[in-house]
Amino acid sequence: DAGVTQSPTHLIKTRGQQVTLRCSPKSGHDTVSWYQQALGQGPQFIFQYYEEEERQRGNFPDRFSGHQFPNYSSELNVNALLLGDSALYLCASSLGQRGDEQYFGPGTRLTVT
Amino acid sequence: KQEVTQIPAALSVPEGENLVLNCSFTDSAIYNLQWFRQDPGKGLTSLLLIQSSQREQTSGRLNASLDKSSGRSTLYIAASQPGDSATYLCAVNRDDKIIFGKGTRLHILP
C-alpha cells in the first residue's frame with residue numbers, strides 16, 4: 001500500500017520565480033493538506049483540499065494556491081518567490097471525515113536564492 | 001487563536017530511562033490530538049492519535065494522554081533507546097486546521 005508521495009524531493013529557485021509541488025495521497029484517502037516547515041519550527045498549515053475544493057486555509061498570502069485533481073492528487077503553487085519561502089513543504093492525506101488521522105509524505109525541500 | 005506549546009524544547013537522557021514530553025494548547029474545542037516523530041530533514045511519522053472523547057492511547061513503549069479540559073497532553077516513552085532520538089511534535093485538529101507545536105528535540109545517550 002503506497003503511502004503519501006511528493007515530488008520533487010529538492011528544488012532550487014530564484015526570487016520572483018514560480019514553483020509547483022506535487023502530492024499523491026495515501027491509497028483510499030480523499031483529503032490533502034499542505035504545510036510549510038521552516039528550519040527549527042513546527043509545520044504551519046497552508047490549506048486543505050477536499051472534493052477538489054479548498055476547505056480550509058491558514059494564514060498564508062494569495063501567492064500560495066493549490067489544486068486537487070479528480071484522482072485526489074494535489075498541487076501547491078507559489079508565485080513571486082521570496083527568500084522567506086525557503087522551507088520544507090509537507091503534504092498530508094486523510095479521509096474526508098473531520099478529525100481523521102493525518103499521514104505525511106517525505107516533503108519537498110525548497111531553496112530560494 | 002489556538003496556540004500549541006511543547007516543553008521542554010530539548011531533552012537529553014541516558015538510554016533506558018522513562019521520559020515524559022509535554023504539550024499544551026489554549027483552545028479545548030479540538031477534534032483530536034496527534035503525536036508525531038520527525039527525523040532530521042524528513043517527513044512526519046504518526047505515533048498516536050487521541051480523539052477528543054478519549055483519555056489515552058498506547059502503542060508499544062509509547063503512551064499518550066489527553067486532558068482536554070486543562071488543555072494538556074503528555075507523551076510517555078518507556079525504556080528509551082538511542083533509536084528514539086528525534087524531534088517529537090504534537091498537533092491539535094480543530095475545524096480542519098491542524099496546529100503544531102515547535103517540537104521537543106530528544107537525544108537518547110547510549
Side-chain angles (χ1 to χ4, degrees), chain A residues 3-7 9-10 21 23-26 29-51 53-60 68 86-111, chain B residues 1-10 21-25 27-54 57 59 64 66 68 73 75 86-105:
Chain A
V4 180
T5 60
Q6 292 186 243
S7 63
T9 304
H10 295 90
L21 310 182
C23 172
S24 291
K26 180 179 168 64
H29 284 182
D30 57 7
T31 302
V32 173
S33 303
W34 287 93
Y35 299 81
Q36 180 195 67
Q37 187 178 26
L39 205 60
Q41 302 295 314
Q44 299 288 314
F45 176 76
I46 303 175
F47 42 54
Q48 183 181 84
Y49 276 84
Y50 172 66
E51 292 187 344
E53 297 285 335
E54 184 182 289
R55 179 158 74 176
Q56 196 59 268
R57 188 177 183 94
N59 189 25
F60 278 80
Q68 186 178 35
S86 295
L88 181 67
Y89 287 83
L90 296 164
C91 166
S93 74
S94 59
L95 289 172
Q97 290 88 359
R98 287 177 157 84
D100 279 328
E101 187 170 2
Q102 303 273 311
Y103 291 82
F104 280 78
T108 293
R109 171 71 62 187
L110 172 64
T111 301
Chain B
K1 177 187 172 186
Q2 178 74 271
E3 293 182 2
V4 179
T5 304
Q6 291 189 246
I7 295 173
L21 307 181
N22 297 292
C23 172
S24 61
F25 48 95
D27 187 342
S28 61
I30 62 172
Y31 293 135
N32 60 46
L33 183 145
Q34 200 165 350
W35 282 93
F36 296 89
R37 169 189 172 132
Q38 186 174 33
D39 293 293
K42 305 294 185 183
L44 277 63
T45 300
S46 179
L47 298 174
L48 291 164
L49 170 72
I50 311 176
Q51 299 292 352
S52 62
S53 59
Q54 299 174 321
Q57 284 286 337
S59 176
L66 174 64
K68 205 173 68 163
S73 176
L75 178 66
T87 295
Y88 290 80
L89 295 150
C90 75
V92 297
N93 183 338
R94 181 192 174 178
D95 295 332
D96 296 313
K97 286 186 179 180
I98 293 85
I99 308 298
F100 281 84
K102 292 185 177 181
T104 294
R105 289 192 317 279

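In what follows, every heavy atom counts, from backbone to side chain, and hydrogens, waters and symmetry copies are set aside. Proteins get letters first, then strands, A, B, ... in listed order; numbering begins at 1 in each.
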S.K.: Between chain B and each of A/Q41, A/Q48, A/Q102, count heavy-atom pairs under 4.5 Å; write down the option with the most.
M.R.: A/Q102
S.K.: Drop me the distance from A/F104's CZ to B/Q34's CD, to the nearest 0.5 angstrom.
M.R.: 7.0 Å
S.K.: Taking all non-hydrogen atoms of both residues, which atom of A/L90 and which atom of B/L44 are closest, and how far apart?
M.R.: CD1-CD1, 3.5 Å
S.K.: Just give me the residue among B/L89, B/I99, B/I30, B/I98 that pairs up with chain A most often, heavy atom to heavy atom, under 4.5 Å.
M.R.: B/I98
S.K.: On a heavy-atom basis, which atom in A/L88 and which in B/Q38 lie closest, and how many Å separate them?
M.R.: CD2-NE2, 3.9 Å
S.K.: Identify which of B/K102, B/K42, B/R94, B/K97 forms the greatest number of heavy-atom pairs closer than 4.5 Å to chain A.
M.R.: B/K97
S.K.: Is it the backbone or the side chain of A/Y35 that comes under 4.5 Å from a heavy atom of chain B, or both, or neither?
M.R.: side chain
S.K.: Rounded to the nearest 0.5 Å, how far does OH of A/Y103 lie from OG of B/S46?
M.R.: 6.5 Å
S.K.: Under 4.5 Å, counting heavy-atom pairs only, tell me which of A/P43, A/P106, A/G107 racks up the most with chain B.
M.R.: A/P43
S.K.: Just wondering, are more than 12 heavy atoms of other shown residues or ligands nearer than 6.0 Å to CZ in A/R57?
M.R.: yes
